[in-house]
> 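Please find one structure pasted underneath; my questions will follow.
Note that the structure is a prediction, hence the values are computed from the model and not measured. So you know, we letter chains A, B, ... as the sequences are listed, proteins then strands, and number each from 1.
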Amino acid sequence: MNNTLGKKERLKSQKLIGRLFEEGTSIKIFPFRLIYIVTEKPLLQSSFSVPKRNFKKAVDRNRIKRLIKEAYRLEKKNAFKTTSYNCVFMITFLGKKAPTFSEAQKKIGELLKLFIERQKRKENE
RNA sequence: AAAGCAGACCUAUCUUAUCGCUUUUAAAAAAUUAUUUUAUUUUACAUUGUAUGAAAGAUAAGUUUUAAAAGAGGAAAGUCCGGACACCAUAGAGUAGCACAGCGGAUAACAUCCGUCCAAUGUAAAUUGAGGACCAGUGCAACAGAAAGCAAGUACAGUUCGGCUGUAGUGAAACCAGGUAAACUCUGUGCGGUGCAAUGUCAUGUACAUUAGAGUUUGAGGGUAACUCGCCCGAUUCUAAGGGGUAGGCAGAUCGAUUCUAAGAGUAAUUUUAGAACUAGAUAAAUGAUAAGACUCUACUAAGAGAACAGAAUCCGGCUUAUUGGUCUGCUUUUUUU
């Protein structure tokens with residue numbers, strides 16, 4: 001697992017995103033929420049969103065999205081130890097004020113850890 | 001020097017280091033898919049000359065790695081005008097409707113821009129302007145007045161004795177004209193509609209709902225964002241082509257009414273010629289993060305912040321709105337000095 005976050009690791013399929021909102025499971029650590037589903041094929045794709053409701057200006061949304069993306073990129077290798085996964089997920093920012101980078105990185109780290117633990121528990125059951 | 005007017009340009013800073021994103025180009029790597037063999041080789045089969053299959057080769061595409069280059073704005077915004085481009089007879093013709101409006105010019109075009117006249121404001125630089133036509137018709141007009149039309153008429157004078165002419169009185173205007181077109185209207189010019197989620201194409205691939213052409217029959221009924229004409233749609237047979245969906249890939253898509261420089265034409269907007277340059281191309285949507293230093297500001301030790309409005313989405317020309325700090329140019333007025 002390297003530091004990169006290219007096109008392949010982004011969630012692009014309309015279908016999968018549709019499914020994500022319909023049947024996805026969500027985990028919350030304020031100010032983030034992670035929705036995920038397990039897929040049939042080995043796949044690890046992510047996407048990030050900031051609701052228009054809380055941030056009206058495109059500049060602000062862009063900025064927050066980039067921060068989250070960067071945080072995810074750096075935390076990814078700590079969280080995902082093995083290489084084969086089969087899930088897609090979306091991280092949404094729920095706060096009303098723009099976060100700083102260090103805050104975001106910490107929270108995203110926690111969020112991913114929690115996500116991995118839950119997955120493992122499920123598999124053991 | 002102060003105050004003001006007009007215009008142009010820059011601006012989420014710069015340097016280094018470490019990670020990271022998108023596109024393009026080049027090189028390398030394996031294995032994959034497709035095409036090709038009329039002009040490559042080998043082999044199988046059948047035959048003595050060609051067809052078919054397989055493998056290698058070649059070409060193309062994508063994948064990974066490395067390197068290099070480039071990567072948000074003056075408004076990218078509002079979607080308010082004007083175009084390019086694409087499709088559609090719901091597209092044609094006439095009427096209606098809408099927009100614009102001194103005069104002249106620029107332009108692909110415009111409600112934009114330039115020049116100029118007039119009017120208003122200002123000491124001035126300058127700014128603003130719904131500035132075509134009431135000798136085509138219809139309407140409207142406070143107060144005053146007999147009367148601002150469809151009905152009348154006061155006083156005096158003249159008289160060719162006809163309510164024919166003049167004067168007085170009211171008023172901005174009085175017997176046939178004037179004012180008003182941010183009144184109807186008229187004149188001139190322009191305007192079909194829908195928008196890149198347009199549209200074309202490739203792959204997968206199921207079913208007959210689709211499309212095109214030709215023949216036969218019938219023209220009832222229906223469709224068409226104002227109306228009339230027009231136009232289109234039907235049933236059946238034959239032939240040919242492939243549709244829908246997966247909001248899949250590619251094209252459209254960034255080289256263009258382009259940018260810069262020089263010279264010429266023009267008061268100017270603009271334009272001609274020559275030379276040079278490619279300057280974002282994403283698609284759940286790239287242009288970022290961290291650290292150190294510089295610089296600026298608040299503070300004046302420390303410490304903090306990196307500014308306002310704001311993020312390309314088919315592309316251009318404008319307009320409008322939002323707005324931080326700064327640089328430069330031209331001009332006006334007042335005061336001082338010579």
> Please classify B:rG74 as syn or anti, treating any glycosidic angle within 90° of 0 as syn.
syn
> Measure the distance from CD1 on A:I108 to P on B:rU290 and round it to the nearest whole Å.
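Atom-to-atom, A:I108 to B:rU290, this comes out as 15 Å.
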> Roughly how far apart, to the nearest Å, are B:rC103 and B:rA111 at atom P?
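B:rC103 and B:rA111 have their P atoms separated by 14 Å.
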> Between A:R61 (CZ) and B:rA284 (P), how many Å, whole number?
15 Å
> If I take atom NZ in residue A:K57 and atom C1' in nucleotide B:rA72, what distance separates them, rounded to the nearest angstrom?
17 Å
> Write down the distance separating the P atoms in B:rU59 and B:rA27, rounded off to the nearest Å.
13 Å
> In terms of base orientation, is B:rU279 syn or anti, with the syn window spanning 90° either side of 0?
syn
> Only pairs with both distances under 3.5 Å count, Watson-Crick or wobble alike; so what is the partner of B:rC113 in this structure?
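When the pairing criteria are applied, B:rG105 turns out to be the nucleotide that pairs with B:rC113.
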> Pick out the pairs of N or O atoms, protein on one side and nucleotides 287-289 of chain B on the other, that lie under 3.5 Å.
from    : atom 1 : to    : atom 2 : distance (Å)
B:rU287 : OP2    : A:R66 : NE     : 2.8
B:rU287 : OP2    : A:R66 : NH2    : 3.2
B:rG288 : N2     : A:E70 : OE2    : 3.1
B:rA289 : OP1    : A:R63 : NH1    : 2.1
B:rA289 : OP1    : A:R63 : NH2    : 3.0

> Could you check which nucleotide pairs with B:rU329 in any of the strands shown, counting Watson-Crick or G-U wobble with both distances under 3.5 Å?
B:rA6
> Please state the P separation for the pair B:rU22 and B:rC196 - nearest whole angstrom.
28 Å
> Got a second to check how far A:L74's CG is from A:E70's CD, nearest 0.5 Å?
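Reported to 0.5 Å precision, the distance equals 5.0 Å.
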> Applying the Watson-Crick and G-U wobble criteria at under 3.5 Å, what pairs with B:rG306? Answer none if nothing qualifies.
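Across any shown strand, B:rG306 pairs with B:rC295.
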> Take the protein atom CZ of A:F48 and the nucleotide atom P of B:rC21, then report the distance between them rounded to whole Å.
13 Å
> Paired with B:rA286 by Watson-Crick or G-U wobble geometry, both distances under 3.5 Å: which nucleotide is it?
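Paired with B:rA286, as far as the under-3.5 Å criterion goes, is no nucleotide at all.
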> When the C1' atoms of B:rC316 and B:rA1 are considered, how many whole Å apart are they?
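Going atom to atom, C1' in each nucleotide, I get 48 Å.
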> Let's test this: given Watson-Crick or G-U wobble pairing with both distances under 3.5 Å, identify the partner of B:rU301.
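B:rU301 is unpaired by these criteria.
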> For A:K28, what residues pass the side-chain contact (heavy atoms from CB on, under 4.5 Å) criterion, not counting sequence neighbours?
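side-chain contact (heavy atoms from CB on, under 4.5 Å) list for A:K28, sorted by chain: A:R33, A:L94.
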> Can B:rA182 be described as syn, meaning its chi torsion is within 90° of 0, or is it anti?
anti
> To the nearest angstrom, how far is A:D60 atom CG from B:rA308 atom P?
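Computing the A:D60:CG to B:rA308:P distance gives 11 Å.
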> Look through every strand shown and name the nucleotide pairing with B:rA26 as Watson-Crick or G-U wobble, where both distances are under 3.5 Å.
B:rU66
> Quantified in whole Å, what is the P atom distance between nucleotide B:rU11 and nucleotide B:rG71?
13 Å
> How would you list, by chain and number, every residue that makes a side-chain contact (heavy atoms from CB on, under 4.5 Å) with A:R66, sequence neighbours excluded?
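Applying side-chain contact (heavy atoms from CB on, under 4.5 Å) to A:R66 gives A:N62.
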> Using the C1' atom as the reference point in each nucleotide, state the distance between B:rA96 and B:rG195 in Å, no decimals.
27 Å
> Figure out the CD1/C1' separation between A:I64 and B:rA310, and round it to whole Å.
15 Å
> For the atom pair CG (A:L112) and CD1 (A:I91), what is the distance rounded to the nearest 0.5 Å?
5.5 Å
> Minimum heavy-atom separation for A:F48 and A:K69, please, with both atom names.
CE1-CG, 3.5 Å
> Going by heavy atoms in the side chains, are A:K65 and A:S49 under 4.5 Å from each other?
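No, side chains not in contact.
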> What are the two closest non-hydrogen atoms of A:L34 and A:F115, and how far apart are they?
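Nearest pair, atom of A:L34 first, then A:F115: CD2-CD1, 4.0 Å.
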> Is B:rA168 paired to anything, Watson-Crick or G-U wobble with both distances less than 3.5 Å, and if yes, which nucleotide?
B:rU154
> Of all the heavy-atom pairs spanning A:Y72 and A:I108, show the shortest one and how long it is.
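So the two residues come closest at CA-CG2, 4.0 Å.
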> Determine the Euclidean distance between corresponding C1' atoms of B:rG97 and B:rA226; express it in Å to zero decimal places.
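Rounded to whole Å, the distance is 8 Å.
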> Please state the C1' separation for the pair B:rG190 and B:rG83 - nearest whole angstrom.
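Result for the C1' pair: 14 Å, nearest Å.
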> Please round to the nearest 0.5 Å and tell me the distance separating atom CZ of A:F32 and atom OG1 of A:T92.
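Answer for the CZ-OG1 pair, A:F32 versus A:T92, is 10.0 Å.
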> Which label fits B:rU160, syn or anti, where anti is any glycosidic angle not within 90° of 0?
anti
> Checking base pairs now: Watson-Crick or wobble, both atom distances under 3.5 Å. What partners B:rA60?
B:rU33
